[in-house]
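Since the structure comes first, as structure tokens, the remarks are kept for the end.
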Amino acid sequence: MNRRPSGYECEIYSFDYIPALSASLDGIPSYLAGKSDCKNILKKLLSADSFSEYDYILIDCSPAADLLVTNAIAAADKLLIPVQCDIMSYNKVNDILQQLVNTKNDTDVSKYILGILGTMYQKGTTHSKEIYDALKASYGDLVFNTTISHKTAAKNAVGYHRSSVKSNAKTNKLGQEYMSFVNEIIERMEG
């Protein structure tokens, strides 16, 4: 295994990561646009032998319809679509699915989707429940049963570059939700 720069390994949980700061991505879509086969550059990169040791490679993307996201979709075997439980996010799901159709050149998107995850769910509100129910009605079994709650701690964790899921997931409600979600992913991957 090639040594990575300090801060890119997490030996406790056996994963490596490459952070992408938004400033480091500025100009990349323009750069990609000038390349032949600009939609498959990441797919070619990830097919290198140095990535063969990994069981899973997760690519986290913004919801933008740009060449970075197109490259991620082209490289992905499965797509996980997090959807905030609000009307604007719900209305964007079809755009993401259309981008998937266009990128994969295949109208049967179900074989590329791992699932749809309801996030920023506000328990006790009618709006979150209605949006989650609409996701279930529109996309059926593609929607995970687990939802991730709206928690200020989760939003703040992103800004402070730390985990919102503390090590003791048994007493951490958000941690419990994520562990439930992970169990659903494992069931789908193995089933």
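The main-chain N or O of Ser52 is never found under 3.5 Å from a side-chain atom of Asp49 such that the two would form a donor-acceptor pair. A donor-acceptor pair under 3.5 Å links the side-chain atoms of Arg188 to the main chain of Leu142, judged by distance alone. Between the side chain of Ser138 and the backbone N or O of Leu135 there is no donor-acceptor pair closer than 3.5 Å. In this structure, Asp77 contributes its side chain and Tyr112 its backbone to no donor-acceptor pair below 3.5 Å. Checking side-chain atoms of Ser128 against main-chain N and O of Tyr121 turns up no donor-acceptor pair under 3.5 Å. The backbone N or O of Ser89 lies less than 3.5 Å from a partner atom in the side chain of Asp86, making a donor-acceptor pair. Checking side-chain atoms of Gln84 against main-chain N and O of Gly118 turns up no donor-acceptor pair under 3.5 Å.
Thr70 and Gln99 form a side-chain donor-acceptor contact under 3.5 Å, judged by distance and modelled atom types alone. Judged by distance alone, the side chains of Lys173 and Ser149 never bring a donor and an acceptor atom under 3.5 Å apart. For the residue pair Asn94 and Gln98, no side-chain donor N or O sits within less than 3.5 Å of a side-chain acceptor on the partner.
From Thr103, atom OG1 reaches atom CD1 of Ile73 across 4.5 Å, with rounding to the nearest 0.5 Å. Atom CG of Leu117 sits about 8.5 Å away from atom CD of Glu184, to the nearest 0.5 Å. The distance from atom CG of Asn145 to atom CD of Glu187, rounded to the nearest 0.5 Å, is 9.0 Å. Rounding to the nearest 0.5 angstrom, the gap separating the OG atom in Ser62 from the CG atom in Leu68 is 7.5 Å. The NZ atom of Lys92 sits 14.0 Å away from atom CD1 of Ile81, with the distance rounded to the nearest 0.5 Å. Summarising the geometry, atom CG belonging to Asn71 is positioned 10.0 Å from atom NZ belonging to Lys39; distances are rounded to the nearest 0.5 Å.
The two residues Ala72 and Leu42 make their nearest non-hydrogen contact at CA-CD2, 3.9 Å. When all heavy atoms are compared, the tightest approach of Asp37 to Lys44 is OD2-NZ, 3.0 Å.
No chain of hydrophobic side-chain contacts below 4.5 Å, direct or via other Ile, Leu, Val, Met, Phe, Trp or Tyr residues, connects Val182 to Ile57. Cluster annotation: Val93 is connected to Val101 through the hydrophobic network of ILVMFWY side chains, with a link wherever side-chain heavy atoms come within less than 4.5 Å. Under the 4.5 Å side-chain heavy-atom criterion for ILVMFWY residues, no single connected hydrophobic cluster contains both Val83 and Leu58. Hydrophobic clustering (ILVMFWY, side-chain heavy atoms < 4.5 Å, transitive): Ile131 and Tyr139 are in one cluster. In the hydrophobic clustering of this structure, Met189 groups with Phe181; members are Ile, Leu, Val, Met, Phe, Trp, Tyr whose side-chain heavy atoms approach within less than 4.5 Å, directly or through other members.
By the 4.5 Å heavy-atom criterion applied to side chains, Ile113 and Leu100 are counted as neighbours. Two residues are said to be in side-chain contact when any heavy atoms from C-beta on lie closer than 4.5 Å; Ile59 and Leu46 meet this criterion. Considering only heavy atoms from C-beta on, Lys111 comes within 4.5 Å of Asp106 through its side chain. Contact of the Leu67 side chain with the Cys38 side chain is registered, since non-hydrogen atoms from C-beta on lie closer than 4.5 Å. Annotation: side chain of Lys123 is in contact with side chain of Thr147 (closest heavy-atom distance under 4.5 Å). Considering only heavy atoms from C-beta on, Ile185 comes within 4.5 Å of Phe144 through its side chain.
Within 6.0 Å of CG in Asp108 there are more than 12 heavy atoms belonging to other residues, nucleotides or ligands.
Ring pair Tyr54/Phe51 is tilted by interplanar angle, where 30° to 60° counts as tilted.
Between Lys136 and Asp141 there is no salt bridge, since no side-chain nitrogen of the basic residue lies less than 4.0 Å from a carboxylate oxygen of the acidic one.
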